[in-house]
Amino acid sequence: MVRLGLCCLFIDQPIKFRTTTATYIGKLPRAQQLARLSALCLANARALFAAIIFCGANKIGCFRVNSRLWPLKTHPEAGYKIADLPEVKEIKAVLSQCRQKAAELDVRLTFHPDQFVLLSSPRADVVAGSVQELDYQAEVASMIGADVINIHAGGGYGDKAAALKRMGKVLRRLKIPVRSRLTIENDDRTYSPADLLPFCRANGIPMVYDAHHHRCLPDGLSVQQATAEAIQTWDREPLFHISSPRSGWGAKQPGWHHDYIDKKDFPVEWRSLDVTVEVEAKAKELAVLRLRKDLSVVTPFRRHKAI
DNA sequence: AGCGGTCAAGTTGAT
DNA sequence: ATCAACTTGACCGCT
């Protein structure tokens with residue numbers, strides 16, 4: 001019943017996503033920059049195709065796509081349009097194959113923009129950069145058929161209600177490809193499910209429920225309550241996150257991720273649900289495969305609702 | 001081939 | 001003040 005998801009990388013499979021640095025790219029003439037970036041984008045498109053094949057063959061029903069699939073896409077100097085890359089046709093063709101293969105194998109695709117994407121920041125430049133990054137990820141998401149772009153609510157800035165209000169105003173200005181995919185996840189420091197659920201309901205944003213973060217930042221809601229309320233915010237298959245603490249729940253840093261998932265950390269309330277659970281564990285595909293074995297959950301042939 | 005230094009970005013909490 | 005974490009170590013340049 002539960003669809004397990006793999007996050008971004010492999011440790012055992014020879015599937016690698018490549019990247020570069022702005023410092024290195026900045027030393028090249030523009031034509032060489034674009035040639036280099038083009039090669040990376042094409043290599044990453046092919047790696048994504050291989051990742052989808054692997055997931056399909058191993059009954060991993062979801063794959064989270066690396067934010068750097070197109071490296072430096074929104075960088076102020078090195079940034080580029082995909083149409084400017086010499087191999088744009090090949091890149092688009094492979095990504096189209098990714099979409100088709102993911103649909104055929106029922107591998108759900110998601111994005112999780114990194115920590116710099118903050119719609120609640122009081123700084124206009126931070127919000128503008130965040131929107132640019134979301135536009136980029138939505139461009140790729142549209143090409144490959146990904147239905148989720150999941151972010152955190154950001155910092156508290158000493159006044160969480162004001163921060164959420166700022167984010168609410170930004171939401172109304174997002175373009176459809178971003179807005180229709182955007183989800184918000186509870187984090188382990190600032191925003192609990194109780195903080196986010198009213199906001200998500202009011203704004204029609206699905207909430208990604210992370211049970212590990214919820215344990216790190218409790219709010220009076222039980223796992224069962226948070227689960228039920230999170231599901232209510234979704235108009236398609238809900239998305240949850242699971243991870244285990246590196247050094248136990250009593251450690252100073254329970255938020256740090258372990259290599260694998262301790263099956264006791266997987267909420268029993270989730271076992272019979274039709275949901276996607278992304279596995280955040282450093283052992284990557286090995287952790288997903290071990291967790292499925294531990295849970296004796298077989299990913300069924302069940303399609304999620306695409307956008 | 002191996003290894004050390006470096007990498008765009010924001011915010012938080014530990015040290 | 002610095003650092004590590006965050007969805008993730010990868011890459012360049014020197015030896």
Side-chain angles (χ1 to χ4, degrees), chain A residues 5-11 13 15-28 36-37 39-40 43-44 47-48 51 62-80 109-134 136-137 146 148-160 163 166-167 183 185-191 208 210 212-213 216-217 239-243 245-247 251-259 261 276-288:
Chain A
L6 169 63
C7 298
C8 306
L9 297 179
F10 297 81
I11 64 163
Q13 287 298 303
I15 300 173
K16 302 289 179 200
F17 292 91
R18 303 186 56 199
T19 189
T20 187
T21 63
T23 307
Y24 173 70
I25 284 287
K27 293 174 186 161
L28 305 174
R36 176 78 175 180
L37 292 163
L40 295 176
N44 286 346
L48 178 59
C62 173
F63 183 69
R64 180 191 298 172
V65 182
N66 188 336
S67 295
R68 293 167 172 76
L69 195 77
W70 294 352
L72 300 176
K73 175 69 170 67
T74 62
H75 188 272
E77 281 91 41
Y80 51 95
L109 298 174
T110 70
F111 284 82
H112 194 356
D114 56 33
Q115 59 273 31
F116 312 109
V117 173
L118 299 162
L119 299 184
S120 60
S121 175
R123 285 174 46 185
D125 58 327
V126 170
V127 174
S130 299
V131 171
Q132 199 185 6
E133 182 70 19
L134 289 171
Y136 144 58
Q137 298 204 17
V148 167
I149 299 175
N150 177 45
I151 62 173
H152 291 285
Y157 311 97
D159 185 345
K160 286 194 271 186
R166 281 195 299 272
M167 179 159 62
T183 67
E185 175 190 350
N186 62 298
D187 63 78
D188 59 350
R189 301 193 175 172
T190 309
Y191 293 95
V208 171
D210 187 315
H212 180 235
H213 289 163
C216 295
L217 183 65
L239 181 61
F240 295 163
H241 287 178
I242 192 64
S243 47
R246 189 190 299 176
S247 316
K252 288 174 211 156
Q253 298 282 18
W256 293 1
H257 290 165
H258 196 75
D259 290 346
I261 305 299
T276 300
V277 179
E278 289 184 333
V279 176
E280 297 184 331
K282 294 189 174 298
K284 296 297 156 190
E285 80 273 23
L286 303 181
V288 179

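In what follows, every chain begins at residue 1, and chains take the letters A, B, ... in the order their sequences are listed. Any value given below was found using the heavy atoms of this structure, including those in side chains, with hydrogens, waters and symmetry copies removed.
Residue A:K282 places none of its side-chain N or O atoms closer than 4.0 Å to OP1 or OP2 of C:dT7. The side chain of A:T21 places no N or O atom within less than 4.0 Å of a non-bridging phosphate oxygen (OP1 or OP2) of C:dC12. Listed pair A:H152 / B:dT11 fails the phosphate criterion, with no side-chain N or O lying under 4.0 Å from OP1 or OP2. Taking only side-chain nitrogens and oxygens, A:Y24 never comes nearer than 4.0 Å to OP1 or OP2 of B:dC7. For the pair A:T190 and B:dT12, the criterion of a side-chain N or O lying under 4.0 Å from OP1 or OP2 is not met.
As a whole-Å value, the separation of A:D210 CG from C:dC6 P is 11 Å. The separation between A:D114 atom CG and C:dT8 atom P is 12 Å, rounded to whole Å. Atom pair A:D188:CG and C:dA4:P shows a separation of 18 Å (rounding to whole Å applied). Rounded to an integer number of Å, the gap from A:D187 CG to B:dT12 C1' is 10 Å. The nearest whole Å value for the distance from the CD1 atom in A:I25 to the P atom in B:dA9 is 16 Å. Put simply, CG on A:L28 is 9 Å from P on C:dG13, counting in whole angstrom units. Between A:F10 atom CZ and C:dA10 atom C1' there is a gap of 17 Å when expressed in whole angstrom units. Per the geometry, CD belonging to A:E278 stands 15 Å off P belonging to C:dC6, to the nearest Å.
Side-chain atoms of A:L72 lie closest to B:dA8 of the nucleotides B:dA8, B:dG10, B:dT12. Nearest to the side-chain atoms of A:S121 among the listed nucleotides C:dT7, B:dT11, B:dA8 stands B:dT11. Relative to the side chain of A:R64, the nucleotides B:dC7, C:dT7, C:dG13 differ in distance, and C:dT7 lies closest.
We find that the ring of A:F116 and the base of B:dG10 do not stack by the test of centres under 5.5 angstrom and planes tilted less than 30°.
Counting non-hydrogen atoms under 4.0 angstrom, A:C8 reaches a base of the nucleic acid. No contact: A:K16 has no heavy atom under 4.0 Å from any strand. Looking at heavy-atom distances under 4.0 Å, A:S130 makes no contact with the nucleic acid at all. Using a 4.0 Å heavy-atom criterion, one finds that A:R18 contacts the sugar-phosphate atoms exclusively. At the heavy-atom level, A:Y157 lies under 4.0 Å from the strands shown only through sugar-phosphate atoms. Counting any heavy atom pair closer than 4.0 Å across all strands shown, A:E280 reaches sugar-phosphate atoms only and no base atom. Within 4.0 Å (heavy atoms only), A:G154 reaches no atom of the nucleic acid at all.
Of the listed residues (A:R64, A:H212, A:H213), just one forms a side-chain hydrogen bond (donor to acceptor under 3.5 Å, both in side chains) with A:E280, and that residue is A:R64.
Rounded to the nearest Å, the gap between the P atom of C:dC3 and that of B:dC7 is 14 Å. Comparing the P positions of C:dT7 and B:dG13 gives an interatomic distance of 15 Å, to the nearest angstrom. When the P atom is compared between B:dT6 and C:dT8, the two are found 24 Å apart, to the nearest whole Å. On the P atoms, B:dA8 is 12 Å away from C:dC12, given to the nearest whole Å. Using atom P as the reference point in both B:dG5 and C:dA4, the two lie 14 Å apart (nearest Å).
Across all strands shown, C:dC12 forms a Watson-Crick or G-U wobble pair, both distances under 3.5 Å, with B:dG4. Across the strands present, C:dT2 finds its partner in B:dA14; the criterion is a Watson-Crick or G-U wobble pair with both atom distances under 3.5 angstrom.
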If you apply the rule salt bridge (Lys or Arg N to Asp or Glu O under 4.0 Å), what do you find for A:R123 with A:D125, and how did you get there?
CA-CA 5 Å; A:R123 285 174 46 185; A:D125 58 327; 2.8 Å; yes
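For C:dT8, its base sits under 3.5 Å from the side chain of A:R68 at one donor and acceptor pair at least.
No donor-acceptor distance shorter than 3.5 angstrom exists from the side chain of A:K73 to the backbone of A:G79, with no hydrogens or angles considered. Side-chain atoms of A:K284 come within 3.5 Å of backbone atoms of A:C7 as a donor-acceptor pair (strictly under, hydrogens ignored).
Side chains of A:H152 and A:Y191 form no contact here, defined as non-hydrogen atoms less than 4.5 Å apart. For the pair A:I25/A:H75, no side-chain contact is recorded, criterion being any heavy-atom separation below 4.5 Å from C-beta on.
In this structure, A:R166 is positioned above the aromatic face of A:Y157, its NZ or CZ under 6.0 Å from the six-membered ring centre and within 45° of the axis.
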